[in-house]
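Following: one structure in structure tokens, then a few remarks.
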Amino acid sequence: MLSPHRREEGEEANSDFSTQRKIERRGLMSANSNLWVLLGLGIAGILIVARKLKRVVKEDFGAFVERFELLPPPQPAPPKAPHPLTGLTFAVADVFDIEGYVTGFGNPDWARTHEVAMHTSSLVATLIDGGATCVGKTVIDDMAFSLSGENKYFGTPTNPKSPERVPGGCSSGSAVAVAGGIVDFALGMDTIGGVRVPGAFCGILGFRPSHSILNNGVLHVSPSLDAPGLFAKDPSVLHRAAHVLLKLPYADVRPPRRVIIADDYFQLMKISSRRITQVVTKTVEVLFGKQSLSHANVGEYLVSKVSSLKKFQVGAVNGDSKISSLTSLASAMRLLHKYEFRINYDNWINSVKPTIAPCVSDNLSTLEENGILIDCCQTARSEVQLAIHSLLKDDGILVLPTVSGPPPKLNSKELLSEDYQRRLLNLSAIASMSGCCQITVPLGFHEKLPVSVSFIARHGGDRFLLDTVKTIYSNLQDQADVVVKSSSQSISVSKEESAEIAKEKGNNAYKEKQWQKAINLYTEAIKLNGKNATYYSNRAAAYLELGSYMQAEADCSTVINLDKKNVKAFLRRGTAREMLGYYKEAIEDFRYALVLEPTNKTANSAVNRLKKFIP
């Protein structure tokens, strides 16, 4: 047993050893900790990069700012009919008042400086009384001003049809909620395209009704242009909801006697318009007869009817007066939009100094107030409404694109380009300025992105337009499928024909001993039609002439995979292998050629020759 003193020394020694072990362990733990920190940072970096590369999609596609449930009244007792919207759900853009909630207007500073609504908008109440259940408020562009659908405060709702593309605005959340299948229909605001544009970009129906003075319970953007709009996937749902919202009577369906395709508007498209016009033409001919279809240059027509537009006609685009008249109509709309927005919200902006999107502040800063021009805008509205009424009367439909092309990519420069804005506003202006009703209808996809077309009826012709769209919708979809299939077949035929032309050119080059040119032409043919064995076989022959034996062997192997009875491929591969020194493989190719063609002198001679090299 250790003496006390020794035990203390021993304890001290043990203590020193223990301390040393602890120091070593701490060092190791510290090193491990550093390693885990580095690994964690690395993983975090990878996750950050991954999040940048792939957008995270929320369960509700980021469509809502608030979720709640406003239930309809009880069903009436029999024999009365149930509520017309029974069983349907809907959402509303955050410009419509809901009792007990702040109407946020797409801007946190606006929400912060305003009280909760004391009453629910009569438009929302009408839909609830009609039997539908309201399930929430949706994201809208900052102060409902732009058409992109982007909102930096609440996040841009994800376009369900194309997540890397903008959903369109201003009623982006409502469109997304419908396109994503969260609700049956939704209420939005359309001033300069706020329902029509997101409807087109999200591949759903978007309805802008005829302009009328909105009741209380709605935040106005530009009262002369504002119209509450509806989104739906199903034309029957849109038909029901619109009849309830606008309190339209049901009556016998009147087919359109004239369907006018606006040729100059289709010239604004950045993708080929032929498919869209072909679908509409086929549908109209089947349902209403060829005699009902006609074409018009609406720009020329407006020039002759709307004298006030001359005030906005700065100069023709590329000398085209038709396009210039469309641009002048859009310019009048743009000026009126900015002016009335400023009248409504300039005091609040100057007093609160809120954070607002650049598209709002930039547009307001460039606004030059001119009383004469503002009066001209109002005159133009009346004149355009009369002109369109005269063109369409009670039984006509005008057909035009909703948008000029596919939805732009998120945060892209295209959204800010003057060309994109000009085309978009030119297409939106006719309904906004005339007060006519318009429905955008999806027509499938072009290169995996939504395609649409719009139908316009005269001011007050809402029921006629809704009936027409409901009647033609399924036929439009059928014709769109037919056109896509026939287009795919014609593209296939066209590629095959082009491949044959390239092959013939290659044959001519081969005859002229232009080996490399022949190879290039055969390669072009292969790119157009990679399942034609002849193209590979001919290219192999050209490779042999150039001494490119490995390429020749590879091409011949492809030919044999495509056509196991191609004698030329075995002969040419045998030749290539012989030149590469693969005598055993070469003689097998020549022998197989003799199996296919026993009297082939080339194969027979090659077998006799190669026997000398094989023991």
Side-chain angles (χ1 to χ4, degrees), residues 60-68 70 89-99 101-108 110-111 114 117 120-128 132-151 153-159 166-180 182-202 204-209 214-223 225-232 238 241-242 245 341 344-345 357 360 432 440:
D60 65 357
F61 297 97
F64 290 86
V65 289
E66 287 186 277
R67 297 293 295 265
F68 47 74
L70 302 179
T89 58
F90 75 105
V92 300
D94 199 14
V95 293
F96 298 96
D97 287 347
I98 301 290
E99 183 182 347
Y101 294 89
V102 175
T103 306
F105 211 14
N107 185 289
W110 178 273
H114 288 79
T120 295
S121 163
S122 60
L123 297 169
V124 178
T126 296
L127 294 169
I128 294 172
T133 300
C134 182
V135 298
K137 283 192 169 197
T138 56
V139 176
I140 200 159
D141 287 25
D142 193 354
M143 301 189 79
F145 193 84
S146 75
L147 294 174
S148 70
E150 295 180 317
N151 188 305
Y153 315 112
F154 300 101
T156 300
T158 301
N159 186 338
V166 296
C170 63
S171 306
S172 54
S174 288
V176 165
V178 171
I182 302 170
V183 293
D184 298 299
F185 68 94
L187 195 59
M189 175 62 76
D190 191 308
T191 306
I192 57 172
V195 167
R196 292 163 287 165
V197 172
F201 284 173
C202 291
I204 56 174
L205 293 155
F207 171 47
R208 174 193 164 95
L214 294 177
N215 297 324
N216 292 330
V218 182
L219 287 174
H220 297 278
V221 181
S222 173
L225 305 173
D226 292 341
L230 287 169
F231 297 100
L238 179 68
L245 182 70
F341 182 88
N344 285 332
Y345 302 111
V360 182
S432 290
T440 179

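Quick caveat: nothing in here was measured; it's all calculated off a predicted structure.
- No option in Tyr153, Phe96, Trp110 other than Trp110 meets the ring-ring contact (aromatic ring centres under 6.0 Å, His included) test with Phe105.
- The shortest distance between side-chain heavy atoms of Ile192 and Leu147 falls below 4.5 Å.
- Between the side chains of Arg196 and Ser432, at least one donor-acceptor pair of N or O atoms lies under 3.5 Å.
- Considering all non-hydrogen atoms of both residues, Phe231 and Gly194 come closest at CZ-O, 4.2 Å.
- When all heavy atoms are compared, the tightest approach of Ile204 to Ala175 is CD1-O, 3.5 Å.
- Across Ala93 and Gly188, no two heavy atoms sit closer than the pair CB-CA, 4.0 Å.
- You'll find the side chain of Arg67 reaches within 4.5 Å of the side chain of Asp60, heavy atoms only.
- Inspection of the Thr89 and Thr133 side chains reveals no N or O donor paired with an N or O acceptor under 3.5 Å.
- Donor-acceptor pairing under 3.5 Å is recorded for the side chains of Asp97 and Thr103.
- Looking at heavy atoms from C-beta onward, Pro198 lies out of side-chain contact with Pro167 at the 4.5 angstrom threshold.
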Could you walk me through whether Phe341 and Ser222 pass side-chain contact (heavy atoms from CB on, under 4.5 Å), step by step?
-> CA-CA 5 Å; Phe341 182 88; Ser222 173; 5.7 Å; no

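- Note that CZ of Phe207 and CG of Leu245 are 8.0 Å apart. Values are rounded to the nearest 0.5 Å.
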When you look at Phe90 and Asp184, which way does the side-chain contact (heavy atoms from CB on, under 4.5 Å) test go after all the steps?
-> CA-CA 6 Å; Phe90 75 105; Asp184 298 299; over 6 Å; no

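- By the 4.5 Å heavy-atom criterion applied to side chains, Met189 and Asp226 are counted as neighbours.
- Scanning all heavy atoms of the two residues, the minimum distance from Glu150 to Val166 falls at OE2-CG1, 4.0 Å.
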Hey, mind stepping through Ser172 and Asp141 against side-chain contact (heavy atoms from CB on, under 4.5 Å) and telling me if it holds?
-> CA-CA 7 Å; Ser172 54; Asp141 287 25; 3.9 Å; yes

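- Inter-residue side-chain proximity for Val195 and Leu230 is flagged as unmet; no heavy-atom pair is nearer than 4.5 Å.
- Side-chain rings of Phe68 and Tyr101 approach one another, their centers coming within less than 6.0 Å.
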side-chain contact (heavy atoms from CB on, under 4.5 Å) between Phe154 and Phe64, intermediate numbers included = CA-CA 9 Å; Phe154 300 101; Phe64 290 86; over 6 Å; no

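- Side-chain contact check for Thr138 versus Val92: every heavy-atom pair is 4.5 Å or farther apart.
- Counting all heavy atoms, side chain and backbone alike, Ala91 lies closest to Ser174 at O-OG, 4.5 Å.
- Looking only at distances, a side-chain donor or acceptor of Asp94 sits under 3.5 Å from a matching main-chain atom of Gly104.
- Tested against Asn151, the residues Ile140, Asn107, Val139 include a single side chain to side chain contact (heavy atoms under 4.5 Å, CB included) partner, Val139.
- Expressed to the nearest 0.5 Å, how far CD1 of Ile128 lies from SG of Cys134 amounts to 5.0 Å.
- Closest approach of Ser121 to Val218, counting heavy atoms only: OG-CG2, 3.9 Å.
- No side-chain heavy atom of Phe145 sits less than 4.5 Å from a side-chain heavy atom of Cys170.
- In this structure the side chain of Leu70 reaches within 4.5 angstrom of the side chain of Ile98, judged on heavy atoms.
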